[in-house]
Amino acid sequence: MLWTVELEGGPQRVNHAAVAVNDKIYSFGGYCTGENYRAMRNMDVHVLNTVTYRWKAIETQQSRNVVPFQRYGHTAVAFGGLVYVWGGRNDNTACNILYCFDTNTHRWSVPRVDGSIPEARDGHSACVINDRMYIFSGYLEYMEAYTQDVHTLNLRTMSWSYVRTTGQHPVYRDFHTATGVDGVMYVWGGREVASGTYDTQANEEYGSDLHALDTTTNRWSVVPCSGHIPIGRRSHSAFVFRDHIYVFGGFNSQAERHFNDLHRYDPSTNHWERVKPLGKGPCPRRRQSCCLVGAKMFLFGGTSPKDNYEDDTYPEEEIFGEESTDRRLKDHNDLHVLDFEPSLKTLCLLKVQSLKVDTCWLPRELKALLEVMNLPNTITRPPNHTG
Amino acid sequence: MASNVPSTRTEGLNGPNSMYVKLIANDGHEFIVKRELAYQAKTLKDMLESSPVQVKEDEPSVVHLRKVPSNALIVVCRFFAYKHIYDNATEMIPEFPTSHEDALDVFLASDFLRC
């Protein structure tokens with residue numbers, strides 16, 4: 001397991017939503033400090049070619065009524081060649097309209113849905129289990145409160161339903177992750193707010209319990225875990241590789257810590273392990289995206305404390321406010337690749353790259369491979385760009 | 001994966017299902033490796049499994065690699081063992097050693113062998 005590629009110059013995005021479809025990764029919307037999130041403008045879509053590591057912006061000529069407005073804290077799930085984007089907010093409002101992006105035609109649509117449509121929210125989770133998209137928790141725009149509800153959208157019939165659950169329900173939270181393995185939705189981390197309403201940062205908690213919703217019985221339980229259980233956090237990423245759930249990075253406001261650690265959970269043994277790949281991984285961060293293609297995980301974007309975090313000029317009392325914390329954050333435009341099974345060819349590429357040996361007599365395809373591993377992307381837009 | 005060698009494998013080098021196979025570099029050096037490990041290179045798997053003439057039961061499974069020099073092939077064989085041991089490890093993974101001089105030869109060999 002090895003961090004192989006690190007390239008700057010991709011989409012500078014935070015709290016974006018991304019999915020892999022075949023060997024492409026599609027990233028939807030997200031926040032970037034300095035951009036205007038009050039105006040209603042079309043959500044941007046970026047696509048990554050995971051072979052050449054090139055990002056491209058997908059332009060749409062479609063009208064506002066079928067394209068979601070630019071937002072953050074939304075979710076995206078892939079189902080066949082279609083991507084369903086739901087929830088999230090801009091600086092004015094949240095949204096509960098279901099949007100569908102067709103990765104073959106690059107066109108948006110608003111599918112007709114029925115049933116009990118969940119309320120507009122952000123910071124929820126979404127995952128697909130047995131042809132259903134499960135939405136859990138998040139912060140409700142109109143209620144100004146958290147929810148603990150589970151809703152599902154049947155992706156065959158496009159019908160929403162409220163899930164009546166039993167068992168030990170996880171407390172209110174946002175910016176957690178939910179991951180489906182073998183019909184079970186595993187919920188981990190997030191900002192827990194036991195009262196269900198946000199007062200101050202003091203009443204948020206970061207539990208490290210793993211919650212499981214069995215989607216055949218709709219019963220919640222707390223999984224009795226062993227091993228190296230990660231410290232609780234929010235705005236981390238979770239992904240599945242070979243029936244293990246991996247958790248990367250995130251932020252714990254009580255500990256004032258950003259993370260860049262990697263853990264994995266084995267649902268067959270309920271055991272957590274700390275995973276230490278070789279190579280240079282990403283710096284500590286939160287609100288990034290992690291997508292798996294084959295045996296490689298592609299991590300991009302997110303946000304970290306600025307280097308001068310300790311000695312900048314903000315007054316002491318502002319340090320614990322969420323708003324002021326945000327002003328001390330640097331938004332990333334980088335891409336990192338974690339290769340679970342690096343081939344000898346990949347190891348040689350890295351070796352040849354680090355040795356800077358003369359490669360003039362290498363075949364053209366191999367030279368091209370070396371080049372794309374080092375060539376930064378060029379699509380990061382300057383701040384204050386509102387296009 | 002390769003940890004459980006199928007019981008259908010026969011001892012030694014002979015036959016299409018032998019436990020071991022022989023890889024011969026373009027300078028004549030011979031390397032004997034477990035068939036399961038050699039299959040980690042897709043080109044070797046294709047050559048060993050879909051050769052137009054099947055190896056007879058009393059003949060050895062041999063691959064002549066006319067494009068691969070022995071200084072690269074030995075690194076390839078070490079990589080088979082490294083991959084077999086560490087692909088499922090989560091920590092304490094040592095770096096795979098490749099020397100400066102052989103880097104480009106091994107690179108070309110890995111591209112050809114698809115490993």
Side-chain angles (χ1 to χ4, degrees), chain A residues 1-4 227-228 230 241-248 261-266 269 271-281 294-296 338-370 373, chain B residues 1-4 23 25 31 33 36-46 63 65 67-115:
Chain A
M1 211 180 300
L2 174 68
W3 293 101
T4 53
H228 196 295
F241 178 66
R242 299 229 167 110
D243 298 328
H244 287 71
I245 299 172
Y246 287 78
V247 169
F248 172 85
D261 52 359
L262 184 67
H263 288 80
R264 76 173 187 190
Y265 166 75
D266 183 348
T269 58
H271 191 74
W272 283 96
E273 274 177 289
R274 174 91 193 259
V275 182
K276 292 178 178 169
L278 288 168
K280 179 175 169 276
K296 290 178 183 160
L338 177 65
D339 195 336
F340 282 89
E341 297 173 344
S343 64
L344 184 56
K345 188 169 165 181
T346 299
L347 297 180
C348 289
L349 269 168
L350 295 171
K351 186 80 179 178
V352 169
Q353 178 187 315
S354 73
L355 291 172
K356 296 190 171 59
V357 292
D358 186 7
T359 55
C360 64
W361 56 273
L362 278 180
R364 227 173 66 192
E365 317 88 79
L366 295 186
K367 269 196 273 197
L369 277 180
L370 267 169
M373 276 179 107
Chain B
M1 205 182 61
S3 57
N4 292 317
L23 311 176
F31 299 87
V33 296
E36 306 299 327
L37 299 191
Y39 278 7
Q40 293 177 122
K42 293 178 194 69
T43 301
L44 292 179
K45 188 171 196 291
D46 289 351
V63 181
L65 296 164
K67 288 183 170 177
V68 184
S70 59
N71 66 316
L73 190 53
I74 194 167
V75 179
V76 168
C77 292
R78 279 200 208 108
F79 179 74
F80 291 156
Y82 172 85
K83 196 170 158 56
H84 175 60
I85 296 168
Y86 294 110
D87 256 4
N88 293 313
T90 53
E91 55 182 323
M92 308 292 281
I93 307 167
E95 235 171 281
F96 180 74
T98 46
S99 76
H100 185 158
E101 304 78 53
D102 299 326
L104 287 179
D105 285 338
V106 180
F107 187 24
L108 289 170
S110 65
D111 182 51
F112 169 68
L113 294 170
R114 289 181 289 153
C115 62

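Bear in mind the structure is a predicted one, so any value in this text is a computation, not a measurement. Protein chains get the first letters and strands the later ones, always in sequence-line order, with residue 1 at the start of each.
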| Residue A/Leu362 versus chain B: region with a heavy atom under 4.5 Å | side chain
| field | Contacting region of A/Arg274 [heavy-atom separation from chain B under 4.5 Å] | value | backbone
| query | Which of the residues B/Glu95, B/His100, B/Met92 is involved in the greatest number of heavy-atom pairs with chain A at under 4.5 angstrom? | reply | B/His100
| query | For B/Ala41, is it the side chain, the backbone, both or neither that has a heavy atom under 4.5 Å from a heavy atom of chain A? | reply | neither
| Nearest 0.5 Å, what's the CZ-OG1 distance between B/Phe107 and A/Thr359? | 9.0 Å
| Is A/Leu347 close to B/Thr98 at the side-chain level, that is, under 4.5 Å between some pair of heavy atoms? | no
| Heavy-atom side-chain contact between A/Cys348 and B/Leu108 under 4.5 Å | no
| task | May I ask you to check whether over 12 heavy atoms, not counting those of B/Lys42, lie within 6.0 Å of atom NZ? | result | no
| said: Could you report the tightest heavy-atom contact between A/Leu278 and B/Pro94, atom names first, then the distance? | reply: CD1-O, 3.7 Å
| Using non-hydrogen atoms only, which part of A/Glu341 is less than 4.5 Å away from chain B: side chain, backbone, both, or neither? | both
| said: Under a 4.5 Å cutoff for heavy-atom pairs, which residue among A/Pro277, A/Ser343, A/Ser354 has the most contacts with chain B? | reply: A/Ser343
| note | From the list A/Leu366, A/Leu344, A/Leu349, A/Thr346, side-chain contact (heavy atoms from CB on, under 4.5 Å) with B/Ser110 holds only for A/Leu344
